[in-house]
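Shown next, in structure tokens, is the structure this report addresses.
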Amino acid sequence: MMGKRILVVDDEPSIVKLVQFNLEKEGFRVDCAYDGQTALEMAEREPPDLMVLDLMLPKMDGLDVCRKLRKRDVHIPILILTAKSDEFDKVLGLELGADDYMTKPFSTRELIARVKAILRRMEAVREAGNAMERDGRIRVGDLLIDVDAHEVLRKGETVDLTPKEFELLVYLARHRGKVLSRDQLLNAVWNYDFMGDSRIVDVHVSHLREKIEPDSKHPVYIKTVRGIGYKFEGPREK
């Protein structure tokens with residue numbers, strides 16, 4: 001974790017200063033931005049290892065920052081900070097590619113723990129990809145999942161996935177044929193139980209199906225196991 005660069009984005013200088021101080025004390029390098037437009041420009045110019053991003057920002061809000069980074073193919077882990085308790089904003093932020101969220105007020109100890117957890121998970125995904133696929137690729141039916149290139153092709157056409165959708169797909173594909181509960185997926189992919197809110201998993205699976213299935217209403221890749229969770233299958237190779 002030492003030396004990883006974190007971009008902290010919040011329009012409240014006191015919060016930025018507090019977060020920066022505690023992250024630097026843990027050995028992280030910290031850059032700061034106080035509005036969404038500046039954060040977007042900094043992330044595009046030199047992508048950080050992780051972004052701590054407030055939702056309510058001047059010039060451009062955090063949701064728009066997530067949306068534009070995804071459209072511009074900048075894949076960085078994002079931890080959202082929000083003063084809102086509104087579930088819609090949290091879920092939307094996760095759909096747009098954020099990895100986790102925290103509601104203000106928060107403890108700096110928990111924030112640092114979340115930052116470290118996200119970075120560990122990203123590193124584990126990279127290492128597992130190198131170890132489990134000889135060529136860094138997973139082929140299932142019409143799907144080609146290129147772990148190293150962070151790319152998915154269906155019948156040779158690029159499938160546009162958010163970072164979290166990609167991570168979920170890779171995890172499901174690596175456990176092909178195994179029934180995975182929603183809690184297992186929450187723990188493995190998000191490394192956090194969201195207070196047991198399994199709807200986060202359902203939302204992401206629904207979006208994945210729309211993008212990778214020939215018919216999302218009759219999925220052949222991600223099957224629902226009633227009362228438990230999901231199982232990744234795909235058509236059998238001939």
Side-chain angles (χ1 to χ4, degrees), residues 1-10 12-34 39 42-43 46-55 57 62 65-66 69-70 74-83 89-91 93-132 147-148 150 162-171 174 180 182-198 200-201 204:
M1 299 292 175
M2 299 294 285
K4 295 283 188 182
R5 193 165 62 85
I6 313 295
L7 176 58
V8 178
V9 189
D10 199 297
E12 297 183 51
S14 60
I15 290 180
V16 172
K17 187 175 181 179
L18 178 66
V19 173
Q20 179 181 15
F21 173 79
N22 283 278
L23 286 172
E24 287 179 343
K25 195 165 66 172
E26 293 291 321
F28 294 104
R29 294 177 293 139
V30 180
D31 294 327
C32 305
Y34 299 91
M42 291 174 68
E46 188 179 355
D49 293 294
L50 182 143
M51 180 187 292
V52 177
L53 178 67
D54 186 32
L55 279 187
L57 294 167
V65 172
C66 288
L69 285 173
R70 179 166 66 90
V74 179
H75 298 291
I76 57 175
I78 298 174
L79 171 60
I80 283 178
L81 300 180
T82 173
D89 282 338
K90 296 170 185 174
V91 173
L94 294 166
E95 288 180 3
L96 290 172
D99 293 79
D100 201 350
Y101 71 83
M102 293 185 67
T103 302
K104 296 178 179 178
F106 56 86
S107 77
T108 53
R109 179 178 295 181
E110 183 181 2
L111 183 140
I112 290 168
R114 297 280 189 92
V115 166
K116 289 181 177 179
I118 293 171
L119 291 173
R120 277 197 305 269
R121 189 172 66 246
M122 298 299 290
E123 190 63 31
V125 168
R126 282 191 290 268
E127 290 176 359
N130 292 333
M132 295 182 68
V147 179
D148 296 334
H150 206 281
T162 68
K164 189 55 61 180
E165 288 168 354
F166 180 82
E167 191 176 344
L168 177 59
L169 178 60
V170 169
Y171 188 84
R174 284 179 174 154
L180 300 168
R182 290 173 174 82
D183 286 343
Q184 281 178 291
L185 292 169
L186 280 169
N187 187 50
V189 178
W190 282 266
N191 201 28
Y192 180 56
D193 65 7
F194 284 96
M195 303 296 288
D197 189 356
S198 62
I200 298 296
V201 174
H204 281 75

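What you see is a predicted model; the values in this text were computed from it and never measured.
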Legend entry - Nearest non-hydrogen partners of Ile76 and Ala43, listed with the distance: CD1-CB, 4.2 Å
Inset, instruction - Output the distance between atom CG (Asp10) and atom CG (Leu81), rounded to the nearest 0.5 Å. - result: 6.5 Å
Legend entry - Heavy-atom closest pair, residues Met51 and Ala39: CE-O, 4.3 Å
Legend entry - Rounded distance (nearest 0.5 Å) linking atom CG of Leu119 with atom CD1 of Ile6: 5.0 Å
Legend entry - Shortest non-hydrogen contact between Tyr34 and Leu57, atoms and distance: O-CD2, 4.4 Å
Inset, instruction - Taking side chain to side chain contact (heavy atoms under 4.5 Å, CB included) as the test, write out the residues that go with Phe21, two or more places apart. - result: Lys25
Legend entry - Heavy-atom donor-acceptor pair, Asp31 side chain to Leu7 backbone, under 3.5 Å: no
Legend entry - For Leu79 against Arg114, the heavy-atom pair lying closest together: CD2-CB, 4.1 Å
Legend entry - Heavy-atom closest pair, residues Leu111 and Leu23: CD2-CD2, 4.4 Å
Legend entry - Sequence-distant partners of Arg29, salt bridge (Lys or Arg N to Asp or Glu O under 4.0 Å), two or more places apart: none
Legend entry - Minimal non-hydrogen separation, Phe166 against Val147, with atom names: CZ-CA, 4.0 Å
Legend entry - Straight-line distance of Leu186 CG to Leu180 CG, nearest 0.5 Å: 11.5 Å
